[in-house]
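Start at 1 and go down the list; that is how both ligands and their atoms are numbered.
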Amino acid sequence: FTARELAAVRADFPLLGRTVRGGRPLVYLDSAATSQKPNVVLEAEVDFYEQRNAAVHRGAHQVAEEATEAFEQARDAVAAFVGADPGEIVWTSGATAAINLVTYALSNASLGRGGAGAERLRLVPGDEIVVTEAEHHANLVPWQELCARTGAVLRWIGVDDDGRLDVDALDRVVTDRTRVIAFGHVSNVTGAIAPVETFVAAARRVGALTVLDACQSVPHLPVDLHALGVDYAAFSAHKMVGPTGVGALYGRRELLEAMPPVTTGGSMVEVVTMDATTYAPPPQRFEAGTQMVAQAVGMGVAAQWLGELGMDKVAAHETEIAAELLKIADVPGVRVIGPTDLRDRIAVVSFVVDGVHAHDVGQVLDDRGVAVRVGHHCAQPLHRRFGVAATARASASVYTSVEDVVAFREALEGVRTFFGVD
Ligand code: PMP
């Protein structure tokens with residue numbers, strides 16, 4: 001971005017203009033947890049409630065028609081943004097719900113449910129599911145639970161000292177019993193980008209399904225799910241300048257067709273008698289009950305807004321921010337966890353400060369108006385791998401400026417002095 005373009009982007013985000021801690025300008029470096037929202041997204045939700053609010057897919061009246069149109073246009077926008085067909089996008093409450101949807105659909109398939117082609121989704125005891133040590137709990141615990149329900153066995157590949165996935169281990173860990181490989185596109189701790197094509201190739205060799213946690217990639221990189229060739233992907237609106245309470249599951253059309261439903265009830269059926277029910281085709285089959293329509297509309301606008309900015313440009317801007325963030329490695333006592341090569345990562349930088357607990361680091365930064373996240377970031381195994389219980393994490397988004405990072409670095413320079421470690 002030019003300075004002018006970035007200023008225009010920032011001016012669109014009302015929250016960035018507020019102050020904290022007695023009048024300090026807010027330096028928001030917690031976008032990996034959740035991003036801020038531009039006016040267009042906020043206005044889209046208000047406009048929906050003011051002008052188009054009605055139940056979708058049922059009403060016979062004009063407002064219901066307009067609500068349905070807005071809801072489906074949002075699906076089109078999200079699909080176009082990630083290189084998918086609209087029929088392959090299922091609304092969920094977020095990435096966590098999307099991954100759980102897949103795991104419960106696989107267990108229902110394992111109980112014999114599902115349409116033609118559902119054999120591919122059935123697990124039997126001794127089948128294997130492969131994940132990585134870098135996963136967010138949202139892409140780990142649901143697989144552990146699926147294993148507990150089906151008798152499948154969880155296997156995993158590790159990470160190296162730089163936080164890069166040990167993909168060479170796929171040759172050993174992926175076997176002809178592997179039925180699913182679930183992995184994150186970008187780590188929410190190290191910022192490392194996974195080589196998706198290597199995982200997809202390993203899965204194809206043995207006929208396994210691939211499930212991509214795209215939570216931290218979709219907001220920051222151009223993502224084309226058809227080109228990546230994954231079977232499923234999950235992402236959340238709230239990390240991509242959209243509203244909370246909505247996200248999406250992408251599934252390849254024929255897999256969604258074969259998948260049994262998980263949540264059942266209204267709006268996902270064709271014919272219901274007292275004895276039996278037939279289900280609607282996807283995506284409606286997976287959207288039981290009244291949906292989060294206003295939020296979906298907001299997510300569509302967020303996708304469109306990012307798409308119009310251009311994800312190549314967004315990624316280039318954030319690479320510049322990542323380079324600035326990584327300079328904290330020169331601050332005495334600071335150790336960055338994750339790859340240093342900018343081609344391998346995004347602008348999510350976790351770090352420890354020798355002799356100071358991450359929570360204390362967070363507090364000192366907060367006193368200076370700098371918002372970072374501290375803790376295990378829902379990735380306890382990865383923190384265990386690095387021998388730390390907690391890290392502090394600074395993370396950027398499309399609106400993050402070099403000035404934000406400079407303010408952060410200056411605040412960080414004071415941390416060890418503050419605690420008398422130096
Ligand atoms: N995966 C990753 C990599 C994430 O960063 C997050 C959010 N921290 C999730 C999954 C879960 O997303 P949500 O909480 O929006 O469901």
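You'll find the ring centres of Tyr399 and Trp305 outside the 6.0 Å limit.
Scored by the side chain to side chain contact (heavy atoms under 4.5 Å, CB included) test, Val353 finds Val334, Phe351, Val356, Val361, Leu412, Val415, Arg416 as partners (sequence neighbours excluded). Judged as a side chain to side chain donor-acceptor pair (under 3.5 Å), and not counting sequence neighbours, the contacts of Glu66 are Gln62.
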Can you pull every nitrogen or oxygen pair between ligand 1 and the protein closer than 3.5 angstrom?
{"residue": "ligand 1", "atom": "1 (N)", "partner": "Asp213", "partner atom": "OD1", "Å": "3.3"}
{"residue": "ligand 1", "atom": "1 (N)", "partner": "Asp213", "partner atom": "OD2", "Å": "2.5"}
{"residue": "ligand 1", "atom": "5 (O)", "partner": "Gln216", "partner atom": "NE2", "Å": "2.7"}
{"residue": "ligand 1", "atom": "8 (N)", "partner": "His136", "partner atom": "NE2", "Å": "3.1"}
{"residue": "ligand 1", "atom": "8 (N)", "partner": "Lys239", "partner atom": "NZ", "Å": "2.7"}
{"residue": "ligand 1", "atom": "15 (O)", "partner": "Ser236", "partner atom": "OG", "Å": "2.6"}
{"residue": "ligand 1", "atom": "15 (O)", "partner": "His238", "partner atom": "NE2", "Å": "2.7"}
{"residue": "ligand 1", "atom": "16 (O)", "partner": "Ala95", "partner atom": "N", "Å": "3.4"}
{"residue": "ligand 1", "atom": "16 (O)", "partner": "Thr96", "partner atom": "N", "Å": "2.9"}
{"residue": "ligand 1", "atom": "16 (O)", "partner": "Thr96", "partner atom": "OG1", "Å": "2.6"}

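In Arg385, the CZ atom is crowded: over 12 heavy atoms of neighbouring residues, nucleotides or ligands sit closer than 6.0 Å.
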Could you check Glu145 against Thr103 for side chain to side chain donor-acceptor pair (under 3.5 Å), going step by step and ending with a plain yes or no? CA-CA 8 Å; Glu145 279 291 314; Thr103 58; over 6 Å; no
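Applying the ring pair (Phe, Tyr, Trp, His ring centres under 6.0 Å) test to every pair with at least one member in residues 117-146, sequence neighbours left out, gives these pairs: His137-His376.
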